[in-house]
Amino acid sequence: MNAMTQDLDAIPKLNTNGGTSLQALSDWVAEVAALTQPDAIHWCDGSDAESAELIAQMEADGTLIPLNSETHPNSWLHRSHPDDVARVEHLTFVCTSDQDDAGPNNHWMAPADGHAKMDGLFDGCMRGRTMYVIPYCMGPIESPLSRCGVEITDSPYVVANMRLMTRMGAPALERIEREGRFVRGLHSIGELDPNRRFIMHFPEELTIKSYGSGYGGNALLGKKCHALRIASHQARQEGWLAEHMLILGIENPQGQTHYIAAAFPSACGKTNLAMLIPPEGYREAGWKVWTVGDDICWMRPGADGRLYAINPEAGFFGVAPGTSAKSNPNALKCVQRNTIFTNVGVTADNQPWWEGIDDDQQPAVDWRGEPYEAGKRPAAHPNARFTVSARQCPSYSSEAENPAGVPISAIVFGGRRASLVPLVFEARDWTHGVLVGAAMGSETTAAATGQVGVMRRDPMAMKPFCGYNFADYFSHWLSFDNGQNKLPKIFHVNWFRKGADGKFLWPGFGDNLRVLEWMVGRVEGRANAVDTPIGAIPSEADLNLEGVELSDDARAVLFGYDRDGWKAEFDSIGEYLEEYGPRMPEALKDERVRIASELG
Ligand code: O2Y
Ligand code: MN
């Protein structure tokens with residue numbers, strides 16, 4: 001707490017319910033209290049009684065609005081401030097001593113300046129409020145892959161969400177006291193003023209300071225701030241990977257399960273893929289898909305050299321709009337009870353409602369609490385969310401609680417590419433796979449601001465989340481190929497290829513299992529493919545396409561490759577890698593040159 005000058009002994013004794021035997025933690029809590037001046041301190045134990053008390057308090061002050069208790073028992077609506085509805089990348093900083101360590105992929109501020117700015121905002125900000133101390137564990141409590149943190153916040157809504165999204169409370173505090181090490185996250189909603197809003201990360205100090213937002217990734221500090229930005233830095237130092245990836249298990253009819261980790265940028269269907277329902281023929285044959293996680297994956301080499309992964313989260317913070325019994329029946333089943341909905345509309349009988357829910361209901365009130373007028377404004381904000389425990393997901397894998405993690409057979413990168421990129425291809429080796437991830441791109445959609453259909457590079461889907469220089473991050477990835485590790489195969493998929501009529505060529509959703517099955521076949525050495533300069537592409541005969549209607553044109557582009565188009569793509573990848581300057585690993589540049597010259 002660099003900018004603090006208060007004499008700790010001078011702080012009047014506050015109304016507080018708990019404490020800790022860990023001196024470093026009690027000192028930090030006292031320092032924060034001295035700076036922020038709360039009326040009371042509440043140490044969260046994660047108990048049902050604590051949760052009931054907080055919810056009663058939030059119902060009383062309107063922070064949480066109870067929903068229809070018959071259709072959605074134990075569920076609430078929260079309306080955020082209308083100016084506070086999404087992550088704010090332009091206000092998100094990585095504060096490293098050397099600016100080059102943050103890299104061109106991050107906004108940077110010198111740590112002393114960052115602390116001064118934030119401590120100025122935090123000064124006295126909790127007067128009249130309670131300060132909550134939330135010990136939490138990212139990952140199963142007993143897992144050596146898990147890491148702990150403590151979030152201090154003045155938002156009871158954050159406490160309720162952290163209770164669903166992390167292993168929070170007494171067991172986490174015990175682990176923190178045992179280990180003596182934790183990530184420090186300080187959060188205040190402040191005045192919810194967009195002009196006094198910053199999310200700052202101090203990776204060298206394992207510290208996060210977030211002010212002025214109560215929404216999602218800005219405020220639930222265990223998620224993007226800790227589990228990706230700070231964890232990616234920790235992972236680099238400790239020899240593991242913290243990634244923006246879902247984790248799923250595919251169980252074949254013989255009962256064998258392969259685990260796949262997959263990175264896609266936002267709005268590319270990660271939650272849908274993680275909760276995939278197999279097509280009818282596959283279901284009848286006995287195939288199952290198990291959900292381990294839908295957003296974040298931490299993995300490290302095990303004693304056998306394979307990568308073992310955990311989902312550091314315990315819940316889903318999923319996008320509500322578009323979620324329906326057709327697009328994601330498992331997600332819809334998850335949110336029938338014990339769920340916090342943020343910024344959705346409501347029906348006349350007080351059920352949550354959003355665009356694309358595809359039911360017979362009509363919204364009566366929109367996400368701002370105003371009467372819904374059809375055709376004027378959407379009922380739900382496009383970034384409306386549900387927060388729910390992963391244990392409520394019908395496809396939730398019991399292996400998600402395994403402290404050892406799950407062995408990863410394949411890593412998948414993917415983006416939204418209307419043209420050029422085939423349905424699937426396999427990298428020839430790890431270095432090629434790292435290049436495939438580094439070159440990942442996705443086309444902007446009408447939902448995003450700016451021009452539609454513009455291809456943006458989003459390496460490994462980590463552009464907003466990597467806590468250090470991308471060039472160093474690629475070197476870290478390459479370092480796993482050390483001759484001892486038995487690394488997973490790497491693939492690239494594109495569910496979003498369009499035909500000349502602008503329509504998607506691939507049906508997607510459950511049918512994506514056909515592609516995953518081919519990957520498993522490649523991992524097991526059974527499935528065929530055609531070698532090309534960009535990687536191994538299946539011919540249409542190599543995939544089970546029974547029951548899928550595809551025109552000849554669709555088959556040609558989904559399973560083909562356009563040499564001239566890829567030549568131009570590899571020129572553009574070369575320019576992109578140059579943007580990271582001399583830190584860019586030569587091995588990655590050489591790999592690009594190798595493929596570019598094979599393309600001719
Ligand atoms: O964190 C937010 O405010 C919304 S963005 C988000 C939420 C859950 C999972 N992933 C994301 C994302 O942007 O990747
Ligand atoms: Mn995400």
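Worth knowing before you read on, the calculation uses all heavy atoms, side chains too, and leaves out hydrogens, waters and symmetry mates. Numbering of ligands and ligand atoms starts at 1, following listing order. All figures in this text were calculated on a predicted structure; none of them were measured in a lab.
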Short N/O distance, under 3.5 Å, between N218 and ligand 1?
no
Lys/Arg cation over aromatic F496: R416, 6.0 Å, 45° cone:
yes
Look at the rings of F425 and H492 and say which category their plane angle falls in: under 30° parallel, 30 to 60° tilted, over 60° perpendicular.
parallel
Using distance alone, determine whether G216 and ligand 1 share an N or O pair under 3.5 Å.
no
Does any N/O atom on K223 come nearer than 3.5 Å to any N/O atom on ligand 1?
no
Measure from the ring center of Y136 to the ring center of H226 and say whether it is less than 6.0 Å.
yes
Are any of the N/O atoms in H244 less than 3.5 Å from those in ligand 1?
yes
State the atoms of ligand 1, each with its element, that fall below the 4.0 Å cut-off from a heavy-atom position in F465.
12 (C), 13 (O), 14 (O)
Within 45° of the axis and under 6.0 Å from the centre of the six-membered ring of F465, does NZ or CZ of K224 qualify?
yes
Would K223 and E151 pass as an ion pair if we require N to O under 4.0 Å?
no
So is R87 polar-close to ligand 1, meaning N/O to N/O under 3.5 Å?
yes
Would K270 count as a contact for the Mn ion (ligand 2), in the sense that one of its N, O or S atoms lies under 2.8 Å from it?
no
Taking the basic N atoms (NZ, or NE/NH1/NH2) and the acidic carboxylate oxygens, is any pair closer than 4.0 Å for E89 and K463?
no
Quick test: of every protein heavy atom, which one is nearest to atom 10 (N) of ligand 1, and how far off is it to 0.1 Å?
K224 NZ, 3.0 Å
Is a salt bridge present between E370 and R79, judged by a nitrogen-to-oxygen distance below 4.0 Å?
no
Number the atoms of ligand 1 from 1 as they appear, then name those within less than 4.0 Å of a heavy atom of Y215, with their elements.
3 (O)
Quick note on ligand 1: atoms under 4.0 Å from a heavy atom of D295 include exactly 9 (C), 10 (N)
Any salt bridge linking R457 with E579? Criterion: basic side-chain nitrogen under 4.0 Å from a carboxylate oxygen.
no
Heavy atom of the protein closest to atom 4 (C) of ligand 1 (residue, atom name, distance)
R385 NH2, 3.4 Å
Fit a plane to each ring of Y372 and W353, take the angle between them on a 0 to 90° scale, and name the class: parallel (under 30°), tilted (30 to 60°) or perpendicular (over 60°).
tilted
Vertex the Mn ion (ligand 2), arms to D295 OD1 and H244 NE2, rounded to 10°
90°
Considering distance alone, does some N or O of S266 sit under 3.5 Å from an N or O of ligand 1?
yes
Just jot down the ligand 1 atoms closer than 4.0 angstrom to any heavy atom of G217, in number order.
1 (O), 2 (C), 3 (O)
